Amino acid sequence: MTHTPTPFPEGFLWGASTAAHQIEGNNTNSDWWAKEHSATEHVEQPSLDACDSYHRWSDDMDLLAGLGFTDYRFSIEWARIEPAEGHFSRAEIAHYRRMVEGAIARGLRPMVTLHHFTVPRWFEERGGWTADGAVALFARYVAATAPVIGTGVRHVCTINEPNMIAVMAGLAKSGNDGFPPAGLPTPDADTTDAVIAAHHAAVREVKAINPEIQAGWTVANQVYQALPGAEDVTAAYRHPREDVFIEAARGDDWIGVQSYTRTMIGQDGPVPAPDDAERTLTQWEYYPAAVGHALRHTAEIAGDIPLVVTENGIATADDTRRIDYYTGALSAVGAAIEDGVNVAGYLAWSALDNYEWGSYRPTFGLISVDPETFARTAKPSAVWLGGLAAGRELPRVAA
Ligand code: BGC
């Protein structure tokens with residue numbers, strides 16, 4: 001492997017991402033906490049203390065800044081900010097403002113996600129996204145975050161992976177049979193419409209708070225690849241699961257691209273990866289080139305708005321595979337930039353080994369966290385990736 005400096009656009013974002021529920025711990029007022037402790041949901045492990053980042057966010061930021069990163073994406077938790085309908089917590093708003101200021105003080109530009117999968121328990125109990133008034137309630141919450149994001153925050157993500165929200169709603173409606181062996185369940189169309197409306201309302205609220213804020217959302221890209229003759233089947237399969245959410249971002253300031261692996265589609269739909277394919281701890285096919293395809297596809301659909309890789313990474317216990325994965329991924333990002341794709345940043349998933357929605361087993365982190373002491377240890381991949389960030393280079397895989 002050789003290292004060739006790559007001309008990044010001015011202000012390129014180099015960072016790592018997290019989400020509140022996955023790292024904070026004791027997010028007791030959220031729908032996910034309720035689900036984790038329900039007798040009927042069968043969640044493998046509850047999140048409990050997670051990484052205790054609610055108290056230790058400054059340790060996380062110290063490490064990321066010290067490693068060389070310039071950007072940190074984290075989410076703020078609606079369930080804490082509005083613990084009961086219409087009641088906003090000044091203390092929690094002040095907590096998240098301290099995080100924004102803490103990031104800036106360390107030289108990390110904060111990217112703030114307003115919603116990352118969890119909602120307040122009361123919101124879920126009144127019917128979630130498709131209940132009457134849901135969009136207005138989300139918009140009111142967004143308006144209430146003004147003291148957090150009003151100054152010093154350039155990028156705001158309204159809703160993380162709206163397509164996965166619609167997919168999970170579809171799965172629940174169909175009786176919760178679990179994921180198919182390949183591909184994704186059918187998204188719920190009403191949820192799709194609701195989250196798109198919520199996004200557009202949220203963008204208006206964010207702009208009302210400060211028109212300088214760059215507002216967007218982040219879409220999960222599955223990198224659907226057509227087997228010979230299955231191009232039309234692939235396009236039809238992909239549209240409700242992905243493209244409709246990218247189309248909804250036309251006119252935004254930027255769009256987030258999140259990619260981990262690929263999905264192959266044959267005449268009869270998704271086809272599992274071959275038995276001998278390398279798989280990660282999430283059982284996804286090891287496919288570092290995914291992010292390059294995801295960027296190119298998003299650019300085709302979204303038009304010329306800046307793309308930010310807001311999540312990309314691998315669940316593995318073998319950190320050398322993580323470095324290998326990021327090497328391949330960054331090489332694909334570099335090639336896309338050279339081909340004229342407007343890529344404004346790259347944020348790895350994830351800063352920390354964290355709560356992977358039901359289990360702590362899949363470790364995506366650049367930094368490990370001791371479950372008893374919460375001590376953080378940067379892995380070799382963190383040192384390596386932070387070094388690239390500090391040097392503003394992309395690794396190249398020798399031909
Ligand atoms: C989500 C993260 C998640 C990651 C790995 C994305 O779907 O935004 O919350 O941990 O992928 O599964």
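Order of appearance sets the numbers: ligands from 1, and atoms from 1 within every ligand. Numbering starts at 1 and runs along the sequence shown. This structure is a prediction, so every number in the text was calculated from the model and none was measured.
The side chain to side chain contact (heavy atoms under 4.5 Å, CB included) with Tyr224 is formed by just one residue from the set Asp243, Thr234, Val233; it is Thr234.
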*Run the side-chain hydrogen bond (donor to acceptor under 3.5 Å, both in side chains) check on Asp319 and Ser381 step by step: do they pass?*
CA-CA 6 Å; Asp319 201 49; Ser381 56; 2.7 Å; yes
*Going through the distances and angles, do Leu385 and Trp14 end up as a side-chain contact (heavy atoms from CB on, under 4.5 Å)?*
CA-CA 9 Å; Leu385 194 58; Trp14 257 119; 4.2 Å; yes
Hey, what polar pairs (N/O, under 3.5 Å) does ligand 1 make with protein?
from     : atom 1 : to     : atom 2 : distance (Å)
ligand 1 : 7 (O)  : Glu161 : OE1    : 2.5
ligand 1 : 7 (O)  : Glu161 : OE2    : 3.1
ligand 1 : 8 (O)  : His116 : NE2    : 3.1
ligand 1 : 8 (O)  : Asn160 : ND2    : 2.9
ligand 1 : 8 (O)  : Glu311 : OE1    : 3.1
ligand 1 : 8 (O)  : Glu311 : OE2    : 2.8
ligand 1 : 9 (O)  : Gln22  : OE1    : 2.7
ligand 1 : 9 (O)  : His116 : NE2    : 2.8
ligand 1 : 9 (O)  : Trp357 : NE1    : 2.9
ligand 1 : 10 (O) : Gln22  : NE2    : 2.9
ligand 1 : 10 (O) : Trp349 : NE1    : 3.3
ligand 1 : 10 (O) : Glu356 : OE1    : 2.6
ligand 1 : 11 (O) : Tyr260 : OH     : 3.4
ligand 1 : 11 (O) : Glu311 : OE1    : 3.3
ligand 1 : 12 (O) : Glu356 : OE2    : 2.5

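Nearest heavy atoms, Leu366 versus Ala382: O-CB, 3.2 Å.
Side-chain atoms of Thr218 and Asn160 form a donor-acceptor pair, as typed in the model, at a separation below 3.5 Å. In this structure, a donor-acceptor pair under 3.5 Å is present between the side chains of Thr298 and Asn221.
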